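Notes for the one structure printed next.
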Amino acid sequence: LLMFSWPLQVNKVLQQVYYIGMKSVSFICLTAVYIGMVLGLHGYYSLVKFGSEGVLGAAVALTLIRELGPVLTAIMLIGRAGSAMAAELGIMRISEQIDALETMDIDPIRFLVSPKLAATLISMPLLTAMADVVGIIGGYLTGVLMLGIQLCGMLCRGLACRLPLGLVPLRQADVTVTVAVVGQRP
């Protein structure tokens with residue numbers, strides 16, 4: 001709750017959103033497109049045995065949105081930005097900069113950790129949604145262009161499926177808080 005107390009550190013939060021979110025976009029998109037392609041490829045060979053390769057779009061979308069999207073985005077984000085945040089705080093502890101902040105009566109948690117936590121809470125759901133869309137596009141590339149599934153069968157059934165998305169925001173919030181907290185441990 002320290003991140004919501006006055007004075008707000010909007011500039012620091014925006015800098016961290018750029019560092020955590022924008023600089024992770026290419027890494028997460030590259031991973032998501034390959035995951036979508038692999039899901040499409042393996043899903044096709046499993047579904048063709050039952051004659052239901054038309055539901056490949058729905059299977060890829062459901063798998064990415066419910067399970068793999070948040071988890072893989074979190075793994076990529078913690079690998080890229082979380083390790084850098086932990087290293088930064090560790091170096092500040094070793095060089096006694098955190099002790100200097102405490103000496104100046106500045107709360108180090110509020111000054112150093114809160115902007116990063118807020119930026120992670122802002123960026124992670126957006127990156128997860130983007131990874132879901134890019135992964136679905138990867139599944140489309142595999143299904144339609146490589147395996148020859150009809151475009152309408154892939155997209156129409158994928159978009160028309162009623163995805164049970166009730167618990168997805170809770171799962172994303174859980175993964176986001178875990179990434180943010182683990183990334184702050186020096």
Side-chain angles (χ1 to χ4, degrees), residues 16-87 116-117 119-184:
Q16 292 299 318
V17 166
Y18 173 75
Y19 177 74
I20 293 169
M22 287 301 297
K23 289 196 170 191
S24 300
V25 166
S26 60
F27 191 55
I28 289 172
C29 283
L30 185 68
T31 304
V33 76
Y34 284 120
I35 293 299
M37 292 172 100
V38 168
L39 279 174
L41 188 65
H42 287 286
Y44 174 78
Y45 289 119
S46 296
L47 292 171
V48 79
K49 293 176 187 174
F50 303 105
S52 58
E53 59 270 0
V55 296
L56 181 64
V60 169
L62 187 65
T63 304
L64 279 170
I65 291 173
R66 289 187 75 193
E67 297 297 328
L68 286 179
V71 172
L72 286 174
T73 303
I75 290 170
M76 295 302 117
L77 194 66
I78 201 77
R80 195 221 147 276
S83 60
M85 290 188 288
K116 293 177 176 131
L117 180 63
T120 306
L121 290 173
I122 292 169
S123 334
M124 182 71 183
L126 299 174
L127 289 171
T128 302
M130 186 181 55
D132 292 342
V133 170
V134 171
I136 291 169
I137 290 171
Y140 160 79
L141 291 174
T142 302
V144 173
L145 299 180
M146 189 173 136
L147 300 171
I149 295 177
Q150 304 239 332
L151 174 65
C152 184
M154 178 83 172
L155 287 181
C156 295
R157 289 188 184 169
L159 295 176
C161 72
R162 304 268 188 238
L163 296 174
L165 300 177
L167 296 177
V168 171
L170 291 175
R171 181 172 179 85
Q172 287 180 351
D174 177 43
V175 171
T176 300
V177 169
T178 304
V179 166
V181 170
V182 168
Q184 303 301 316

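These numbers come from a predicted model, not from an experiment.
Counting all heavy atoms, side chain and backbone alike, Ile122 lies closest to Pro125 at O-CD, 3.7 Å. Pairing each heavy atom of Gly21 with each of Leu127, the nearest pair is O-CD2, 3.7 Å. Residues Val60 and Gly135 come closest through the heavy atom pair CG1-O, 4.2 Å. Nearest heavy-atom pair, Pro70 versus Met124, reported as atom, atom and distance to 0.1 Å: O-CE, 3.6 Å.
Contact of the Leu64 side chain with the Leu72 side chain is not registered, since no non-hydrogen atoms from C-beta on lie closer than 4.5 Å. With contacts defined as side-chain heavy-atom distances shorter than 4.5 Å, the pair Tyr140/Met37 does not qualify. For the pair Met22 and Val17, the minimum side-chain heavy-atom distance is 4.5 Å or more.
With sequence neighbours excluded, the residues that form a side chain to side chain contact (heavy atoms under 4.5 Å, CB included) with Val133 are Ile137.
How far OH of Tyr19 is from CE of Met85: 8.0 Å, rounded to the nearest 0.5 Å. Taking OG1 of Thr120 as the reference point, atom CG of Leu77 lies at 6.5 Å (rounded to 0.5 Å).
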Distance-only criterion, 3.5 Å: show the donor-acceptor pairs between side-chain atoms of residues 39-50 and protein atoms not counting sequence neighbours.
unit_1, atom_1, unit_2, atom_2, d
Ser46, OG, His42, O, 3.2

Exercise answer: donor-acceptor pairs, residues 24-35 side-chain atoms, under 3.5 Å, sequence neighbours excluded:
unit_1, atom_1, unit_2, atom_2, d
Ser24, OG, Ile20, O, 2.7
Thr31, OG1, Phe27, O, 3.0

Going through the checks in order, is the side chain to side chain contact (heavy atoms under 4.5 Å, CB included) test met by Ile65 and Ile136? CA-CA 9 Å; Ile65 291 173; Ile136 291 169; 4.2 Å; yes
